[in-house]
Amino acid sequence: MFRAARPAARTARRCRAAAKARAGAAADGCAPAARRPAAGRRSRSPNALHDAGKSLSTPVVSPRVDQPSNLRFLTHTRHEGAPPRPGNTSTPVLCEAFPMRYVIIGAGAVGGTVGGRLAGSGHEVVLVARGAHHASLRDDGLRLRVPEGELTYRLPVVDGPTPLGELREDDVLVLAVKTQDTEGALDAWGPAPVAGGGTAAERLPLLCAQNGVEGQRIALRRFRRVYGVCVWLPSTFVEPGVVSAAGSPLTGILHLGVYPHGTDETARRVAADLEKSRFEAPVVPDLARWQYAKLLSNLANAVEAVAGPVESEEALALVGRVRAEGRAVLDAAGIAYASVEEQRALRGDKVTLQPLEGAPRGGGSSWQSLTRGTGTIEADHLNGEIALLGRLHGVPTPLNELLQRLANTCARERRRPGAMPVGELVRLADEAETAVGKERRLTR
Ligand SMILES: CC(C)(CO)C(=O)C(=O)O
């Protein structure tokens, strides 16, 4: 529960002292350095299959949970690099000396990994899950399979905000559900009351750790304080209660920033916590540039889901065409995106996939949706985002439309991933492009 704040002046003094100490450390060259990968390692694609490896050890980790909150509010400010948000003039800024509690809404592959890693570095974490996953997390803890072994985290687990009572003023909500589940999650969490008055939507920071660009836009309709995350985190939902993340030496790279643009103290504090938890977390004023670059890479998700691993020359060539279509659309829309070289330079070998026993990585998030037979898939917000922008800016997108349609059909009909031979998919892609070419000639 939220505790009474100390007198603001005293808290401000403590925070200023902490900031001064940090600045001094940085000047002395003692600031925490970004983790560097071991030299000489070969990076593997996060989408590669990993099914060989060594035995798992099973340490039971007892992260700090339910520790008293030391949170104190310092000042009120607005985020930098962006105009003030209406109604957001009294956003409390949390003093860096005091910890925050992370409420992970959607503790699946990405959410479970982020939550587990934060808990492992001593942060207070609440997991939100439903059904069999909720029951397993509650009864047996979160089992996180990572290159160090299987780590078990016994954390508070809820299926919605009600069991938590009032949310705390130091809560950070991390939305890690798939984009198509965003509305439902926000319906539940937006109106939740926060200690001291107001609702989550009015007062708490909401970080959208999702693929695509739409979740944060949906969120900003309801929440005042929205942050975007560019999620580079190969992870898998193995079975209820178990998630795996094979990246090493880092578990993932999570760019973050204020949505729609800018940075602020909350983003920096979250990033600092993530950087203590095996992530690199650059706080960037132009997050969209990274997110659109990631969107281009996620256009291949549907190819993998529909036709299996993108390994053959045929499949790689098709992905090249699908991404070229995506780039043409972004260029026509005047949307900037980080280049492949810039992304490669930043990521280097920092997130190299290691074999994990008992947790083979079959594929990316769309592949996993088909494997689990969830009945839905993210394609409307990946290939569908390109189709939407194409229609808005007059650029035909036959390949992305085709993939969006096929991926949705596979999900709806609960087909296994890779059900269509890649040759057949290429034939359909050729046909779709030819049809658009003919249509254009006729309408000229
Ligand atoms: C890059 C990767 C594999 C992990 O973040 C991904 O985006 C996905 O699975 O959709």
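Each ligand, and each atom within it, is numbered from 1 in the order the structure gives. Quantities reported herein were computed from a predicted structural model and do not represent experimental measurements. All residue numbers in this chain count up from 1 along the given sequence.
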Under 4.0 Å between heavy atoms, the region of Val110 that gets near ligand 1 turns out to be neither

Taken in chain and number order and not counting sequence neighbours, the residues that satisfy side-chain contact (heavy atoms from CB on, under 4.5 Å) with Gln343 are Trp290, Ala293, Ala338, Arg347

Could an N or O of ligand 1 be found under 3.5 Å from any N or O of Trp232, whether backbone or side chain? no

For Gly364, the atoms of ligand 1 under 4.0 Å from one of its heavy atoms are 9 (O)

Numbered in order shown, the ligand 1 atoms found under 4.0 Å of a heavy atom of Pro234 are 4 (C)

Judging by distance only, is a nitrogen or oxygen of Leu233 under 3.5 angstrom from one on ligand 1? yes

- Is Arg391 salt-bridged to Glu401, going by a charged N under 4.0 Å from an acidic O? yes

Nearest heavy atom to atom 10 (O) of ligand 1, choosing from Ser366, Ser235, Ser365, belongs to Ser365

(message) Check for me whether Arg372 meets the cation-pi criterion with Phe237, that is, NZ or CZ under 6.0 Å from the six-membered ring centre and within 45 degrees of the ring axis.
(response) yes

**Item:** Ion pair Arg289/Glu342, N-O distance below 4.0 Å
**Value:** yes

Closest non-hydrogen atoms of Pro147 and Gly247, given as atom of the first, atom of the second and distance, are CG-O, 3.7 Å

Near Lys294 (heavy-atom distance under 4.0 Å), the atoms of ligand 1 are 1 (C), 5 (O), 6 (C), 7 (O)

Output for pair (Glu275 CD, Asp273 CG), nearest 0.5 Å, gives 10.5 Å

